[in-house]
S.K.: 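The structure follows.
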Amino acid sequence: MEIALVKTAAPKPKPDPATLGFGRVFTDHMFVWDYTQEKGWHDPRIVPYGPLELNPACAVFHYGQAVFEGMKAYRGPDGKILLFRPEQNMARLNRSNARMSIPQFDEELALRAIKELVSLERDWIPTAPGTALYIRPFIIATDNVLGVRPSNTYKFMVILSPVGAYYEEGLNPVSIYVEPHFVRSVRGGTGFAKAAGNYAGSLLAQRNAQAKGHAQVLWLDGIEQKYVEEVGAMNVFFNLGGELITPDLGDSILPGVTRDSILQLLRSWGIPTVERRLAVEEVFQAHDRGELVEAFGCGTAAVVSPIGRLEYRERIIEIGGGKIGALTQKLYHTLTGIQSGVLPDPFGWVVEVES
Ligand SMILES: *Cc1c(COP(=O)(O)O)cnc(C)c1O
């Protein structure tokens, strides 16, 4: 299927790379693909970036039938445009769709559309270290009916945003609040899907944690509220006595591409690595024995985010004496190096976009 192209008549000036921040500036074009029951997914097209006109009864506004993805395009040292394991994001988006009763789409066509859009917007890819072109695919329900039922029509869109280095002052360990009351997801829920509503529900706990001086929350499981699950919208790893532990995936944890890549890297380095349930108590006990070596969150936006401090019910512990753990640092260096084409790619993760 051909992807139609309508170019903008009024390209925008490129932003100052020093003041990019995250997700505030958008490029000149976007991808749009429509779904109806009669035609399936049809009319894929790249058009000038701009507002949508939606009926106030539009389903997505009322019951939140919406999913999204997050990925990045990098400019390699030789000028090549690189994506990181993008087929994983397309597969996950379809898994999110399945959970949210949104029809499956052709992953190959979606990936081709993303490549064509990124190629068209290549001059928007920032080049400074730590910067990238963030790619946000998303799907919304568009029936104009207030009934609580799956929509019969959808829009699949992709927008692009040049983003600055996630850490303006470099990779600094942050303080994390172990959330004792609110939960992000539960067994049988939607936690494994990148469903828009999951994030709306997490904002209150995040805001409370920030008011207490923390950067993020550490989510515990929704049933016993004992086991660590994720940190903010990132997966989490703990180094306990030289063994790297991350919660095993169930339907309450988002299966991160960064998490999976880190597991593969650690295993290739011969580092003992386990995916299992990990009680927050066990983390605190390991700290008391002097065995909590390092901890970090991981995800596409930050890549890795070192945890320097944990607060849980009246207790505060420091991790790594305010410094970034050695493995955290090495993982950040290796992953960003592979993603931006400055290090070899032994796993075949990087996909080049023809420009
Ligand atoms: C997106 C996301 C992650 C990280 O996934 P990546 O594929 O590594 O970017 C982790 N947890 C949650 C809740 C997320 O939404």
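Every heavy atom of this structure was used, including side-chain atoms; hydrogens, water molecules and symmetry mates were not. In this text, all values refer to a predicted model and were calculated from it rather than measured experimentally. Atoms within each ligand, like the ligands themselves, are counted from 1 in listed order.
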S.K.: State, without any angle test, whether Thr328 and Glu294 hold a side-chain donor-acceptor pair at a distance under 3.5 Å.
M.R.: yes
S.K.: Is there a donor-acceptor contact under 3.5 Å from the side chain of Arg92 to the main chain of Pro255?
M.R.: yes
S.K.: What residues sit with at least one heavy atom under 4.0 Å from ligand 1?
M.R.: Arg92, Arg184, Lys194, Tyr199, Glu230, Ala233, Met234, Asn235, Leu254, Gly256, Val257, Thr258, Gly299, Thr300
S.K.: Does a donor on one side chain sit under 3.5 Å from an acceptor on the other, for Asp28 and Thr8?
M.R.: no
S.K.: Are there over 12 heavy-atom neighbours, none belonging to Arg207, within less than 6.0 Å of that residue's CZ?
M.R.: no
S.K.: What are the two closest non-hydrogen atoms of Gly322 and Pro173, and how far apart are they?
M.R.: O-CG, 3.4 Å
S.K.: For Trp33, which of Phe138, Trp41, Tyr154 qualifies under ring-ring contact (aromatic ring centres under 6.0 Å, His included)?
M.R.: Trp41
